[in-house]
2 protein chains.
Amino acid sequence: MHARRPATLASLAAELGVSRTTVSNAYNRPDQLSPELRRRVLETAKRLGYPGPDPVARSLRTRKAGAVGLLLTENLSYAFRDPAALAFLEGLALACESAGQGLHLVPVNPQREDIANVHRAGVDGFVVYSVPDDDPHLAAVLSRPVPTVVCDQPRVEGVDRVGIDDHAAITKIAKRLISLGHRRIGVLCMRLGRDRNDSFVSLDRQRSAHFHVQRTRLAGLADTFTAAGVNWADVRVVERFDHSQASGESAAAQLLDADPGVTAIICTSDILALGAMTEAKRRNLRVPQDLTITGFDGITEARRVGLTTVRQPVLEKGKAAGKLLLGAAEANRQREITLETELVDGTTSAPPRTAEERWFGP
Amino acid sequence: MHARRPATLASLAAELGVSRTTVSNAYNRPDQLSPELRRRVLETAKRLGYPGPDPVARSLRTRKAGAVGLLLTENLSYAFRDPAALAFLEGLALACESAGQGLHLVPVNPQREDIANVHRAGVDGFVVYSVPDDDPHLAAVLSRPVPTVVCDQPRVEGVDRVGIDDHAAITKIAKRLISLGHRRIGVLCMRLGRDRNDSFVSLDRQRSAHFHVQRTRLAGLADTFTAAGVNWADVRVVERFDHSQASGESAAAQLLDADPGVTAIICTSDILALGAMTEAKRRNLRVPQDLTITGFDGITEARRVGLTTVRQPVLEKGKAAGKLLLGAAEANRQREITLETELVDGTTSAPPRTAEERWFGP
DNA sequence: ATGAAAGCGCTAACAC
DNA sequence: GTGTTAGCGCTTTCAT
């Protein structure tokens, strides 16, 4: 606790015997009054303990809060643990920093529909990071009369977006595996809706997923493998609500229990893939000799272990989202930014073992 | 970009033919009007595209912004890269989350004295994380009539604080090394002031450091080693402005170049220590056989490599800071929280080699 | 259960 | 250069 609020701009003006305008100018437009008067104003302010114009009152008047709001799917604290979210955050912070804007993290509970916090945030615009298309918080953001930029998902008509081409990106992985000879695969994906389903995913659920990114990646895999002669209906897809390595482990276990014959596990995130690696090791499956595992994102940890994955420029996404939002007033600016992705050929993918090798060793 | 601002609470009231109070109540005190009227109000609001009460105007009236400001020493983006800062952030976010408060990161450039951003932040209080005692942004924060909590440094009379006992903590390390037999040591520390000094540190600079935490840790080492018969004036202390592993590497190099005879390098952070490990390896010095290296903080990466260090509960610090701030109105609450630290005996410390061993091998 | 009046603290035209 | 006049959009006693 520090103090209460005694002095205001008006009381300062009264004390000095000048108008409020003059005091205001002393703070906001130094050139609009004599240096001498300004000095007197500031000095008296200090004496009275006047801390300068109240930011909220100023914001109300100027209609500018000087801050960008950030809405995340997850609890605030989650973002500080997911490497991809973190890199995005860093990029966004960079953009805010250079524009002198604050970054206001909106506290949101994905379970409770706590819309009030969105309405309470005094910000000039919102960045929304990767939420489901039916997220009520997103709806609340869009109802506010401020510019908004969505990163990754969902796509909303008329709303600016930063993202990648998920279909094209996952297709790079799929083609790679197909050319290596993999036909019997399994997939590990992140949550597909706001409801928890830690299990296999029906075709219907795949198609109606509320997370556009996951839906598109699954569709990309389905398209590519179908074209290669694989019956997608036979491909097991395992979903996990929580995004963690532990989830990757248990999902891989579930998959391998159901079909020990898969030669490759495709994961829609590096985190899940890292978990799958752990599970493979537990089962004494050598990667990539016995099992190919791929990820998605290209986080640092993935590089370290040599994961085959698709790198996406997450930090750049953050920067781009910030720039897009902060330049929202400009006339003919871009309304959608799609960043490039790149296949990273790691050491976790190789041709499948032949049937003979499986029985008689390499 | 989304829309402009057409409807206000007043215009809605006019449209409905009711008073502004009624509309306000429809949003804030549902029990104060008939359900039927409330329904009508909300429906008309939707029709007119009224997004609900403006948060800034509401804040001005209620004198509550619903957000906590966070001031960091470094650029905003830095916080997302330093594991300790990150854990603190996570803890603080957790506290904010459960209190339904936003977390407003104040953009600040440590080089430029950009006080304006502190004054512009519409927040109900500030958390200040580890800044020098002469930081102008800190002064700006303290001038604002809102509660403030400082984490780690500096200590300010009358301002709440969360931290650890740095003297006691570093003493644990010192005593450990002394009991192992180390007498000829070197120290790597973080920046001691706002001016860059990537070199050795004079006794004077050690004592007058503007970062209380570093100053206290150095003092703790000086006290303990002096008591063990070491002449502190002979102990080389190397300072680095940037907190990175690269800094640790170059600092260790500088130290080992100046005195190849040191048997232990004490670092005031794990990050620096990890860098020192890299440099040791480059020189073919085995750790701990040829050289003991210790850190401070207990970050995940340190555990992984088995670094001897002092663990401090960084996440808890964040939580505690949040709780302290958000409970600032309470009557007889704690004004200072000191958390416990714990020596982590890793595999990077061992007795020094004797002179014979140095010449003839182990 | 609803309304009238009184600002919260400030800035921006516009006049002097 | 300095002051006057009008609100920004909302909540909150206090009446009715």
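So that the names make sense, note that chain A is the first sequence line, chain B the second, and so on, each numbered from 1. These values consider heavy atoms only, across backbone and side chains, with no hydrogens, waters or symmetry-generated copies.
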>> Heavy atoms from C-beta onward define the side chain here; which of C:dA12, D:dT12, C:dC8 lies closest to that of B:Thr62?
In response: D:dT12
> Which one, D:dT12, C:dG9, D:dC10, comes nearest to the side chain of B:Thr21?
Replying inline: D:dT12
>> With a 3.5 Å distance limit and no angle check, can you tell me whether A:Ser59 reaches the backbone of A:Pro55 through a side-chain donor-acceptor pair?
In response: yes
> If only atom types and distance count, is the side chain of A:Asn117 paired as donor or acceptor with the main-chain N or O of A:Val106 below 3.5 Å?
Replying inline: no
> Closest to the B:Thr22 side chain: C:dT2, D:dT2, C:dT11?
Replying inline: C:dT2
>> What is the distance, to the nearest angstrom, from the CG atom on A:Leu16 to the C1' atom on D:dG3?
In response: 14 Å
> Which part of the nucleic acid, if any, lies within contact of A:Val18, taking any heavy atom under 4.0 Å across all strands shown: a base, the sugar-phosphate backbone alone, or nothing?
Replying inline: sugar-phosphate
>> Measure CD/B:Gln32 against P/D:dC14 and give the value in whole Å, please.
In response: 15 Å
> Closest to the B:Arg20 side chain: C:dT11, C:dA12, D:dT11?
Replying inline: D:dT11
>> Looking at B:Tyr27, I'd like to know whether one of its side-chain N or O atoms comes within less than 4.0 Å of OP1 or OP2 on D:dG9.
In response: no
> For the pair made of CZ in A:Arg61 and C1' in C:dT11, what is the distance, rounded to whole Å?
Replying inline: 5 Å
>> Expressed as a whole number of angstroms, how long is the span from A:Asp54:CG to D:dC8:C1'?
In response: 13 Å
> Rounded to whole angstroms, how far apart are CG on B:Leu12 and P on C:dG3?
Replying inline: 13 Å
> Rounded to whole angstrom units, what separation is found between the CD atom of A:Glu36 and the C1' atom of D:dT2?
Replying inline: 15 Å
> Using a distance-only test with no angle check, is there a side-chain donor-acceptor pair under 3.5 angstrom linking B:Arg38 and B:Asn25?
Replying inline: no
> Is it true that A:Arg40 and A:Glu36 have a side-chain N and a carboxylate O under 4.0 angstrom from each other?
Replying inline: no
>> Strictly below 4.0 Å: does B:Ser19 bring a side-chain N or O up to OP1 or OP2 of C:dT2?
In response: no
>> Please pick, from C:dA4, D:dT4, C:dC10, the nucleotide with the shortest atom-to-atom distance to any side-chain atom of A:Thr8.
In response: C:dC10
>> Can you identify which nucleotide, out of D:dT12, D:dG3, C:dG9, has its nearest atom closest to the A:Leu60 side chain?
In response: C:dG9
> In terms of side-chain heavy atoms of B:Leu37, which of C:dC10, C:dT2, C:dA12 is nearest?
Replying inline: C:dT2
> Distance-only, no hydrogens or angles: does the B:Arg144 side chain make a donor-acceptor pair with backbone N or O of B:Val118 under 3.5 Å?
Replying inline: yes
> Within the structure shown, what part of the strands sits under 4.0 Å from A:Asn28 by heavy-atom distance: base, sugar-phosphate, or nothing?
Replying inline: sugar-phosphate
>> Assuming nearest nucleotide by heavy-atom distance, tell me which of B:Gly17 and B:Ala57 is located more 5' along DNA chain C.
In response: B:Gly17
>> With salt bridge (charged side-chain N to carboxylate O under 4.0 Å, His left out) as the criterion, how do B:Glu15 and B:Arg47 come out once you've worked through the C-alpha distance, each side chain's angles and the decisive distance to 0.1 Å?
In response: CA-CA 11 Å; B:Glu15 171 80 16; B:Arg47 185 164 55 74; 3.5 Å; yes
>> Can you tell me which nucleotide in C:dT11, D:dT11, D:dC8 comes closest to the side chain of A:Arg63?
In response: D:dC8
> To the nearest Å, how far apart are A:Leu33 CG and C:dC16 C1'?
Replying inline: 17 Å
> Given atom CG of A:Asn25 and atom P of C:dC14, what is their separation to the nearest angstrom?
Replying inline: 16 Å
